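Just below is one structure, and these are the notes that go with it.
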Amino acid sequence: RRQRQMCIRDRYTILQPAGLTGNITAKNLTITGLTGNNKPYDGNTTATVSGSPALVGVISPDDVTLGGTPVYTFASTAPGTGIAITTTGFTLGGAQAGNYTVTQPSLTANITQATQTITGLAAAETRLAGAVAYSLAATSSSSLTVAYSSSDENVATISGSTVTVVGAGTTTITATQTGDTNYAAAPPVTQTLTILPTTWTLIENFTGLNTAPLAGQNGWATGTTSGNVTADPADGANLVGTLQAVSYTHLTLPTKRIV
């Protein structure tokens, strides 16, 4: 029986298949080692990263290197967390680079609100009671509108950026900018506004001194030899401070120091 089986097997041969084809696809590589950097809002989508890029998946001993000029771009300009960063520009080099492809890394990072400051509001201002309304002109670095308030509306009130003098005294003018989606609130800026009365009390008489006040003195004016001296607002502006020249066309000698 065994002999019969061997004889049957000898009647056949096997023909190996020929002409078969197939594809060898390039092996995909990934890039690790990079982290997206957070940034404050700046109105553009430019992103930066930290770390050193490294290829993952190269078959040893293939010669494959990573090169190119990568560009990183946020998906949005607006502040937010976990914003996608797309990457372009990485390339492969080396003798076996043609056997591989590379996936550009996908990263995320945060865009925070930008800071802003307020400028253009003097630390102190002095006006006379009865003075005409005037405008404040502080600005914010974000170009957002600055708002104002007065701590004592018996001294001065504010509507928009216009200050209306109410009466003598001192008030604090505060400039604020509360921010928006892109900008955080600005640190408030204050101004001490002093409103002086238009009637000044005579405290000392002087003669022959009609040039300029001395350091430490409040001001000079000319008038009668006794009682109160009433200053015109145009002149009264010169009554404040030290080492200021005076020119009071509405008053006459002798000169007196007043507060």
Side-chain angles (χ1 to χ4, degrees), residues 39-46 76-80 110-201 212-213 215-221 228-251 258-259:
K39 73 168 187 176
Y41 170 78
D42 59 7
N44 65 61
T45 58
T46 302
S76 170
T77 63
N110 303 332
I111 297 178
T112 59
Q113 287 180 308
T115 59
Q116 60 170 325
T117 57
I118 295 172
T119 57
L121 187 69
E125 178 77 15
T126 302
R127 301 271 171 158
L128 281 175
V132 297
Y134 64 96
S135 295
L136 299 169
T139 59
S140 68
S141 58
S142 65
S143 297
L144 297 173
T145 302
V146 174
Y148 304 94
S149 63
S150 171
S151 65
D152 190 344
E153 294 193 341
N154 292 317
V155 176
T157 61
I158 302 177
S159 176
S161 61
T162 301
V163 180
T164 299
V165 174
V166 177
T170 300
T171 185
T172 299
I173 305 299
T174 302
T176 58
Q177 212 310 302
T178 57
D180 62 4
T181 301
N182 298 327
Y183 290 90
V189 176
T190 61
Q191 175 190 90
T192 301
L193 173 61
T194 301
I195 305 299
L196 298 174
T198 55
T199 299
W200 302 75
T201 303
Q217 296 176 338
N218 292 330
W220 298 87
N228 293 335
V229 177
T230 300
D232 180 88
D235 290 338
N238 290 323
L239 297 177
V240 182
T242 59
L243 296 176
Q244 297 184 39
V246 294
S247 175
Y248 300 117
T249 58
H250 299 274
L251 303 174
I258 57 176
V259 294

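The model shown is predicted, which means the values in this text are computed figures rather than measured ones.
- With sequence neighbours left out, Y41 forms a ring-ring contact (aromatic ring centres under 6.0 Å, His included) with Y183.
- Shortest non-hydrogen contact noted between A129 and A168 is CB-N, 4.4 Å.
- The main-chain N or O of I195 is never found under 3.5 Å from a side-chain atom of E125 such that the two would form a donor-acceptor pair.
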query: Under the side chain to side chain contact (heavy atoms under 4.5 Å, CB included) criterion, do K39 and N44 qualify, and how do the steps go?
result: CA-CA 11 Å; K39 73 168 187 176; N44 65 61; 3.1 Å; yes

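- A donor-acceptor pair under 3.5 Å is absent between the side-chain atoms of N110 and the main chain of T112, judged by distance alone.
- Looking at T170 and T192, their side chains come closer than 4.5 Å, going by heavy atoms from C-beta outward.
- Heavy atoms only, all atoms of each residue included: T176 and P188 are closest at CG2-CB, 4.0 Å.
- Judged purely by atom type and a 3.5 angstrom limit, Q191 has no side-chain atom pairing as donor or acceptor with the backbone of T172.
- The heavy-atom pair separating D152 from N154 by the smallest distance is OD1-N, 2.9 Å.
- Annotation: the span from E153 atom CD to T164 atom OG1 amounts to 10.5 Å, rounded to 0.5 Å.
- The two residues L193 and A156 make their nearest non-hydrogen contact at CD2-CB, 3.8 Å.
- When side chains are defined from C-beta on, N182 counts as touching P79, because their heavy atoms get closer than 4.5 Å.
- Residue T190 holds its OG1 atom at 13.0 Å from OH of Y148, rounded to the nearest 0.5 Å.
- Residues V166 and V155 are not in side-chain contact: their nearest non-hydrogen atoms beyond the backbone lie 4.5 Å or more apart.
- Of all heavy-atom pairs spanning A114 and P40, the tightest one is CA-CB, 4.3 Å.
- Residues satisfying the side chain to side chain donor-acceptor pair (under 3.5 Å) test with S149, not counting sequence neighbours, are none.
- The shortest heavy-atom contact between I158 and S150 is CD1-N, 4.0 Å.
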Using a 3.5 Å cut-off and no angle test, enumerate the donor-acceptor pairs between side-chain atoms of residues 131-141 and protein atoms at least two apart in sequence or in another chain.
from: S140; atom 1: OG; to: S142; atom 2: OG; distance (Å): 3.1
from: S140; atom 1: OG; to: S143; atom 2: N; distance (Å): 3.3
from: S140; atom 1: OG; to: L144; atom 2: N; distance (Å): 3.0
from: S140; atom 1: OG; to: L144; atom 2: O; distance (Å): 2.7
from: S141; atom 1: OG; to: T117; atom 2: N; distance (Å): 2.9

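- There is no side-chain donor-acceptor pair under 3.5 Å between T194 and T126.
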